[in-house]
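Computed from heavy atoms alone, side chains included, the values below leave out hydrogens, waters and symmetry copies.
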Amino acid sequence: MSYAIVYSSRTGNTAHLAEAIREALPKEECVYFGKADDAALKADRLYIGFWTDKGTCDADTEAFLESVQGKEVFLFGTAGFGRDAAYFDQVLGRVKMNLKADNRIVGTYMCQGRMPRSVRERYEKMRESTVHIPNLEELIENFDQALAHPNDGDLARLRQAVLENP
């Protein structure tokens, strides 16, 4: 079965996941690898990767998802926030809403991903503010935790999820 890997990656996290998928699958069946492009639509199965923006996929991925018709789709993504499956499931639920009903989702995977340093700098400036910011220390802790992701464990779980959905 032919496949394409389409991804959007602002910080390199989702690109890292896309590379792991490419390494896990038979190279001769790959018809496209890269940013959203109509050439990917020639494949039987699409592996579509995104970075999380305001609780859903980024705008480039959203536009591509809306163009997909009659395909098997495996969604994968990264999010700076949320270290638990419940948050990832919420994000994936919103992302799935961009697909037409004639597509079949064959798998999903999400993990935490590092964020730009500017995010932590913004948090540090908030510390200096006289206005109380609820959960600020948790946000900083989450940022620091995210720096280590995606890690080898994240990539191994992704490869397993891909191979379990042939």
Side-chain angles (χ1 to χ4, degrees), residues 1-116 119 142 145-166:
M1 170 185 344
S2 65
Y3 70 88
I5 302 171
V6 176
Y7 65 94
S8 177
S9 187
R10 185 171 153 203
T11 59
N13 297 328
T14 309
H16 205 49
L17 297 182
E19 287 290 346
I21 293 171
R22 181 160 64 170
E23 291 168 6
L25 295 173
K27 291 171 186 20
E28 64 276 1
E29 295 175 17
C30 183
V31 298
Y32 182 81
F33 180 87
K35 296 188 185 320
D37 190 287
D38 287 346
L41 298 174
K42 295 176 184 171
D44 299 316
R45 177 175 291 181
L46 301 175
Y47 293 86
I48 303 174
F50 61 91
W51 57 276
T52 302
D53 186 21
K54 300 176 189 85
T56 190
C57 62
D58 60 278
D60 290 341
T61 301
E62 182 178 329
F64 183 73
L65 287 168
E66 291 171 352
S67 73
V68 175
Q69 291 187 286
K71 301 293 180 182
E72 290 187 354
V73 177
F74 185 105
L75 296 170
F76 65 98
T78 58
F81 293 99
R83 292 178 258 177
D84 64 53
Y87 175 71
F88 293 150
D89 287 345
Q90 290 173 2
V91 171
L92 286 164
R94 288 187 283 273
V95 173
K96 289 174 184 177
M97 290 173 30
N98 295 297
L99 283 168
K100 292 178 176 64
D102 65 344
N103 293 294
R104 185 168 73 91
I105 296 175
V106 296
T108 62
Y109 180 81
M110 280 196 72
C111 69
Q112 193 172 27
R114 68 188 169 283
M115 295 174 272
V119 172
N142 181 80
Q145 169 74 29
L147 289 173
H149 294 276
N151 61 27
D152 290 343
D154 298 326
L155 299 177
R157 285 185 290 280
L158 170 61
R159 285 191 282 277
Q160 181 180 358
V162 165
L163 294 174
E164 287 175 353
N165 294 289

Open item on the list: With no hydrogens and no angle check, just 3.5 Å: does a side-chain donor-acceptor pair link Asn142 and Gln112?
Closed with: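 Indeed, the side chains of Asn142 and Gln112 share at least one donor-acceptor pair under 3.5 Å.
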
In the structure I gave you, are the side-chain heavy atoms of [X] and [Y] within less than 4.5 Å of one another anywhere?
| X | Y | result |
| --- | --- | --- |
| Asp44 | Glu72 | no |
| Ile48 | Val68 | yes |
| Ile21 | Phe33 | no |
| Val106 | Arg45 | yes |
| Phe64 | Leu46 | yes |
| Phe50 | Thr14 | no |
| Thr108 | Lys96 | yes |
| Cys111 | Leu17 | yes |

For [X] and [Y], work out which heavy atoms get closest and say how close.
| X | Y | value |
| --- | --- | --- |
| Ser2 | Ala43 | OG-CA, 3.4 Å |
| Ala24 | Arg159 | CB-CG, 3.9 Å |
| Pro26 | Tyr3 | O-OH, 3.0 Å |
| Ala15 | Ser9 | N-OG, 3.1 Å |
| Pro116 | Arg10 | CG-NH2, 4.3 Å |
| Ser8 | Thr61 | CB-OG1, 3.4 Å |

TODO: Might you confirm whether atom CE of Met97 has over 12 heavy atoms from other residues, nucleotides or ligands at distances under 6.0 Å?
DONE: no

Does a sphere of radius 6.0 Å around CG in Asp152 hold more than 12 heavy atoms from other residues, nucleotides or ligands, not counting ones at 6.0 Å or beyond?
->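 Count not over threshold, so no.
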
Nearest 0.5 angstrom please: [X] [atom1] to [Y] [atom2], how far?
| X | Y | atom1 | atom2 | result |
| --- | --- | --- | --- | --- |
| Glu23 | Leu158 | CD | CG | 10.5 Å |
| Ser67 | Asp38 | OG | CG | 6.0 Å |
| Leu99 | Glu62 | CG | CD | 11.0 Å |
| Leu92 | Phe76 | CG | CZ | 12.0 Å |
| Asn103 | Lys71 | CG | NZ | 9.0 Å |
| Met110 | Gln90 | CE | CD | 10.5 Å |

Donor-acceptor check, side chain of Asp102 to backbone of Gly70, threshold 3.5 angstrom: yes or no?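 Yes, the answer is positive, given that a donor and an acceptor are paired below the 3.5 Å cut-off.
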
Between the main-chain N or O of Asp154 and the side-chain N or O of Asn151, is there a donor-acceptor pair closer than 3.5 Å? yes

Strictly under 6.0 Å, is that where the ring centroids of Phe88 and Tyr109 end up?
no

Do you know which of Asn13, Thr11, Thr78 makes side chain to side chain donor-acceptor pair (under 3.5 Å) with Arg114?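 Exactly one pass, corresponding to Asn13.
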
**Partner of Tyr47 under side chain to side chain contact (heavy atoms under 4.5 Å, CB included), chosen from Val73, Leu75, Ile5** =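 Looking at Val73, Leu75, Ile5, the match for Tyr47 under the side chain to side chain contact (heavy atoms under 4.5 Å, CB included) is Ile5.
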
